[in-house]
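In the text below, chain A, chain B and the rest are named by the order of the sequence lines, each starting its count at 1.
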There are 2 protein chains.
Amino acid sequence: MNTQQLTQEVTQLHADLCAALADPNRILLLYALAEKPRTVNELTAEIGILQPAASRHLKVLREHGLARATRLGQHVEYSLVDPRLIDALDTLRAVLRDSLARRANLMNEME
Amino acid sequence: MNTQQLTQEVTQLHADLCAALADPNRILLLYALAEKPRTVNELTAEIGILQPAASRHLKVLREHGLARATRLGQHVEYSLVDPRLIDALDTLRAVLRDSLARRANLMNEME
DNA sequence: TCGAGATATAAGTTTATGCGAATAACTTTA
DNA sequence: TAAAGTTATTCGCATAAACTTATATCTCGA
């Protein structure tokens with residue numbers, strides 16, 4: 001396997017990771033988990049989605065190694081694996097904020 | 001517009017931004033632009049995709065405020081708008097690296 | 001071990017996105 | 001202004017991902 005192929009493989013995984021973040025419900029789930037571990041029921045209630053949706057999204061996060069599931073009796077508690085994920089999301093939100101601000105300025109200057 | 005709705009709007013934009021990163025070719029384009037501004041032709045050659053594909057991906061980056069296009073004669077030069085985007089991508093890559101390392105360790109321990 | 005609560009999965013549909021090929025539009029030079 | 005080079009768009013197809021509803025699985029307590 002040459003370097004070019006390796007780069008492509010890694011870049012594909014990098015993109016897959018971004019795809020795992022590209023859903024508003026999963027972002028809300030991650031920020032909720034960043035506060036403290038929670039059960040599926042708690043997460044479902046907190047972000048206001050149906051239980052099967054929460055379960056599916058949590059599965060995506062699990063499969064990408066972003067969240068970890070632990071059974072506690074009849075509940076399953078999810079927790080955030082790597083807090084740097086929140087750093088990355090926060091940075092992206094800052095980029096977004098400035099991007100929107102630039103657009104707003106453009107709008108003002110047009111008047 | 002209440003706070004709940006506002007949070008959802010922002011979270012949707014946050015997810016849209018992540019979706020813009022969720023493609024290997026766009027990630028390669030962003031890292032290339034992080035080095036220095038380049039024309040479409042140069043980018044096309046550097047990451048080895050067809051020209052229409054490069055143009056389409058660059059349009060996505062433009063529309064999300066991540067890249068900026070400047071016409072230089074018959075060329076169009078693209079540049080990275082916000083270097084913090086690369087910080088975020090680097091952080092995600094570090095998260096990915098550790099995630100893969102954990103999986104590799106699990107595999108070893110199973111033997 | 002049976003019922004209830006908690007979580008996960010399946011099915012079917014809809015929506016979105018990427019690609020390749022063809023072509024259009026814009027800019028400079030002859 | 002016609003030709004050549006550069007970049008952008010369109011079209012048709014294929015793949016993938018999300019949602020809702022229904023159902024299955026798992027765990028605990030009676």
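Note on residues 62-71 of chain B: no pairs pass salt bridge (Lys or Arg N to Asp or Glu O under 4.0 Å), not counting sequence neighbours. Applying the salt bridge (Lys or Arg N to Asp or Glu O under 4.0 Å) test to every pair with at least one member in residues 22-31 of chain B, sequence neighbours left out, gives no pairs at all. The side-chain hydrogen bond (donor to acceptor under 3.5 Å, both in side chains) pairs that include a residue from residues 83-98 of chain A are A/Tyr31-A/Asp90, A/Asp82-A/Arg84, A/Arg84-B/Asp98, A/Arg93-B/His14, A/Asp98-B/Arg84, where partners are two or more places apart or lie in different chains.
A 4.5 Å side-chain heavy-atom check between B/Leu66 and B/Leu17 finds at least one atom pair inside the cut-off. For the pair B/Leu29/B/Leu58, a side-chain contact is recorded, criterion being any heavy-atom separation below 4.5 Å from C-beta on. Considering only heavy atoms from C-beta on, B/Leu92 comes within 4.5 Å of A/Leu21 through its side chain. Using a 4.5 Å cut-off on side-chain heavy atoms (C-beta onward), B/Leu61 and B/Val81 make no contact.
Put simply, B/His75 has no side-chain N or O that comes within less than 4.0 Å of OP1 or OP2 on C/dT27.
Less than 4.0 Å separates DNA chain C from at least one heavy atom of each of the following residues of residues 10-31 of chain B: B/Asp23, B/Asn25, B/Arg26. Contacts between residues 49-61 of chain B and DNA chain C, defined by a heavy-atom separation below 4.0 Å, involve B/Leu50, B/Pro52, B/Arg56, B/His57, listed by number.
With A/Ser99 contributing its side chain and A/Val95 its backbone, the two residues share no donor-acceptor pair below 3.5 Å.
Distance, B/Glu63 CD to C/dA16 P: 15 Å, rounded to whole Å. The distance from atom CG of A/Asn41 to atom P of C/dG5 is 12 Å, rounded to the nearest whole Å. When rounded to the nearest whole Å, the span between OH of A/Tyr78 and P of C/dA6 equals 16 Å.
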| task | Would you mind building the protein contact string for nucleotides 25-30 of chain D? One character per nucleotide, 5' to 3', B for base within reach (heavy atoms under 4.0 Å), S for sugar-phosphate only, - for untouched. | result | -SBS--
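Across the helix from C/dT1-D/dA30 to C/dA30-D/dT1, the helix axis at one end is tilted relative to the axis at the other end by 20° (nearest 10 degrees, each axis from five pairs).
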Please set out all donor-acceptor pairs under 3.5 angstrom arising from side-chain atoms of residues 44-54 of chain A, sequence neighbours excluded.
| unit_1 | atom_1 | unit_2 | atom_2 | d |
| --- | --- | --- | --- | --- |
| A/Thr44 | OG1 | A/Val40 | O | 2.8 |
| A/Glu46 | OE1 | A/Arg38 | NH1 | 2.7 |

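In terms of the side-chain contact (heavy atoms from CB on, under 4.5 Å) criterion, residue partners of B/Ala19 (sequence neighbours excluded) are, by chain and number, A/Ala22. Partners of B/Asn41 according to the side-chain hydrogen bond (donor to acceptor under 3.5 Å, both in side chains) rule, which considers only residues two or more places apart in sequence or in another chain, do not exist here. Every residue meeting the side-chain contact (heavy atoms from CB on, under 4.5 Å) condition with B/Leu13, not counting sequence neighbours, appears here in chain and number order: A/Leu96, A/Leu100, B/Asp16. For the side-chain contact (heavy atoms from CB on, under 4.5 Å) test, no residue two or more places apart in sequence or in another chain qualifies with A/Gln74.
Distances from the side chain of B/Val76 to the nucleotides C/dA8, D/dA8, C/dT7 place D/dA8 closest.
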